[in-house]
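Throughout, protein chains are lettered first and strands after them, A, B, ... in sequence-line order, and every chain is numbered starting at 1. Note that this is a predicted model, so its numbers are computed, not measured.
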Amino acid sequence: MRRIQPVRGTHDLAADEMRRHRHVIEHARTLAARYGFAEVATPIFEFSDVFRRTLGDTSDIVTKEMYTFTDRSGAEITLRPENTAGVARAVIGGNFGERRPFKCFYAGPMFRYERPQKGRLRQFHQIGVELIGAAEPLADIEVIALGAHLLEALGVLDQVTLEINTLADEASRRAYRAALVAHLEAHEDALSEESRQRLKRNPLRVLDSKDEGDKAVLADAPAIDAHLSAEAAAFFDGVCQGLSALDIAFTRNPRLVRGLDYYCHTAFEFTTEALGAQGAVLAGGRYDGLVETMGGPATPGVGWAGGIERLAALVEETVGAVAAAPRPIAIVPLGTRAEAAALGLAQRLRREGLAVEMTYRGSLSKRLKRADQARAAAAVILGDDEMERGVATVRDLDSGAQVEAPEAELGTHLARYAPGP
RNA sequence: GCGAGUGUAGCUCAGUUGGUUAGAGCACCGGAUUGUGGUUCCGGGGGUCGUGGGUUCAAAUCCCAUCACUCGCCCCA
C-alpha cells in the first residue's frame, strides 16, 4: 500500500503548531474586539467573479493562482485566495447589516496555487480586519495601529519594519502612471524581460522589481509625490502624522505598490528579515473603489491581512515556545471495581474545571508512566485499599509526596493544581 | 512558471571506489517491578533506502523520469 501524501503545499497542523496558530489568532481576535472589530466569517468558496472582478485581470492571483472548478450545477467556483472580496460581497448584500462604518475581523484558510516555500503554502491561513464606510485618514491610522498593536502583543514588533506609501486617487495615479511609463519606455532597453511585460500590463509593478538593471532605471524615475492631487497629498499627510502621533515607527517607501487592483491611497506592509524571502507578515491598504466595482454603492474601505504561518514562525523564532496547555490530573484506577468508580470521579473533577486524563490500562507502574507522559501534575490512585476505606491517594508527580484524602474532599486537595482549559 | 539543492526507521542522521542479512541515537512497545512514574538494565517491533524505470553478475550508492521538501527568482500574507 503506497502511502498517500498530502496535496502539495498543504500541511497537517500537529498540536504544537496548531497551538502556535491559535496563539496568533487569539491575540488578534482579542485586540480586534478591543478596537471594535467583531469577528465574522465568509464562505471559503465564492463565485469566481467575486475575485476576478475585484483583484484585477492582470494580477498574478487571478491569472494563474486561483483554485477554480465547476460544481455540479455548472457554476464556476473559486476557493478564496484572500478574504477582502468576500467580505465586500457580503457587505453589499446587506448580510452584515447596514451600519457604517462596518468593522470586522476574520481568520481562516486561503488558497493560492503557488510554488510552495517556507512561509508560502497553497492552503495558508490569514487573520485580517476590514473597516468599510469611512473615508477619513483616521480610519487608516486606527487600522494600522491595530496591526502594530498586534505585532507588539505577539512580541515581534522589533523584528519588523513598517513601510508605507500612497497610491493616491485614480486621477493622480493615472497622471503618475503616464509619467512613469514615459520614463520606462525611454529606457526600455535596460529593463528586464519581466519588467518590459509589466510595463504594458501593470507599469506600477515595475517599481518593486529587484532586478539590478531595473533598479538603475528606477533610480531617476519620477516619484508619485510630484503627481499627487492636493487631496491625495493631504490624505497621506494626515495618515503619516497620525502614525507619528501614536509613536508608530514607519519608513516611507515610494516603491511600495500592491499586487491587487483595488488598492488606492494608503498602502502599507510590515516586513521582517527573519523569515527569508517571504518577509511580508502583515499588509494592507485602502480600497475605496472595491465596493463599487462589485456593484455596490461607492463606499470607501481600508484593511489588512496577516499571514498566520508567518506570524507564528516569527513568534517561535524570536519569542520562543508559546504557553503549553495546562497540566492535567491523572486518574489511576486499579481493578475493575476501581475503574468503574474512576469514571464517575473523572467526570466530577472535569465538571469542577480540572483537566483530567484517564489511564486506561496496565499496572500501577505502567499507568504512572502514562500519567507522566501526559505531563500530569498529580495522580489520583484508586485501588482496592482505597475503595474499602472510601479514600483516594493523591500523588504529586513532581515531588513524589502522597496523601490520602476522602473521596468527597478530593476537589480541595486538587485545588492547588492549575485549572484546566 | 524558471533555476539550484535535498530525500535512508516516527524524529535526527551514518552508510567507504557499486559487493552478502542497511546501522546508530532518540522515540515507541514489553519485561526486570501483577500497588508507585521520571533514572537504570534487558529484550522487542518497526525500512518496498520518496516513487517508477534503466545500466550492471550485483544499486541506498551510477543514469533518466517523476513526486515531495528546502533555498533563490517570481508572487505575496
query: How are the rings of A:Tyr113 and A:Tyr67 set relative to one another: parallel (under 30°), tilted (30 to 60°) or perpendicular (over 60°)?
result: perpendicular
Please state how far atom [atom1] in [X] lies from atom [atom2] in [N], giving the value in whole angstrom units.
X        : N     : atom1 : atom2 : result
A:Arg367 : B:U34 : CZ    : P     : 14 Å
A:Gln402 : B:G35 : CD    : C1'   : 9 Å
A:Glu82  : B:C75 : CD    : C1'   : 15 Å
A:Arg205 : B:C75 : CZ    : P     : 5 Å
A:Arg361 : B:G35 : CZ    : C1'   : 18 Å
A:Leu314 : B:A77 : CG    : C1'   : 13 Å

Just call it for [X]: base, sugar-phosphate, or nothing, with non-hydrogen atoms closer than 4.0 Å on any strand.
X        : value
A:Ala283 : sugar-phosphate
A:Leu275 : nothing
A:Asp398 : base
A:Glu269 : nothing
A:Gly119 : base
A:Gln278 : base
A:Gly147 : nothing
A:Leu282 : sugar-phosphate
A:Gly400 : base

Side-chain N or O of [X] closer than 4.0 Å to phosphate OP1/OP2 of [N]:
X        : N     : answer
A:Gln117 : B:G72 : yes
A:Gln373 : B:C28 : yes
A:Ser365 : B:U36 : no
A:Arg120 : B:C75 : no
A:Lys366 : B:G35 : no
A:Arg8   : B:A68 : yes

Ionic contact status for [Y] with [X], cut-off 4.0 Å:
X        : Y        : result
A:Arg337 : A:Glu388 : yes
A:Arg252 : A:Asp225 : yes
A:Glu316 : A:Arg20  : yes

I want to verify a distance call: between [options], whose nearest atom is closest to the [X] side chain?
X        : options             : answer
A:Ala277 : B:C76, B:G72, B:G35 : B:G72
A:Arg370 : B:C29, B:C75, B:C2  : B:C29
A:Tyr113 : B:C29, B:C75, B:G1  : B:G1

Say you pick atom [atom1] in [N] and the same atom in [M]; how far apart are they, in whole Å?
N     : M     : atom1 : result
B:U61 : B:G18 : C1'   : 6 Å
B:C2  : B:G19 : C1'   : 41 Å
B:G5  : B:A65 : P     : 13 Å
B:G45 : B:U40 : C1'   : 22 Å
B:C13 : B:A22 : C1'   : 14 Å

task: Decide whether a cation-pi geometry holds between A:Arg327 and A:Tyr417; the criteria are a distance under 6.0 Å from NZ or CZ to the six-membered ring centre and an angle within 45° of the ring axis.
output: no
- line: Judged by nearest nucleotide, the residue sitting upstream toward the 5' end of RNA chain B, A:Ser399 or A:Phe270, is A:Ser399
- prompt: Of A:Glu114 and A:Ser363, whose closest RNA chain B nucleotide lies nearer the 5' terminus?
  reply: A:Ser363
- prompt: Are A:His149 and A:Tyr35 close enough that their ring centers fall under 6.0 Å?
  reply: yes
- request: Could you tell me whether the side chain of A:Arg112 reaches within less than 4.5 Å of the side chain of A:Glu82, counting heavy atoms only?
  value: yes
Who pairs with B:G23 - Watson-Crick or G-U, where each distance is under 3.5 Å: B:C13
Heavy-atom donor-acceptor pair, A:Asp372 side-chain to B:G38 base, under 3.5 Å: no
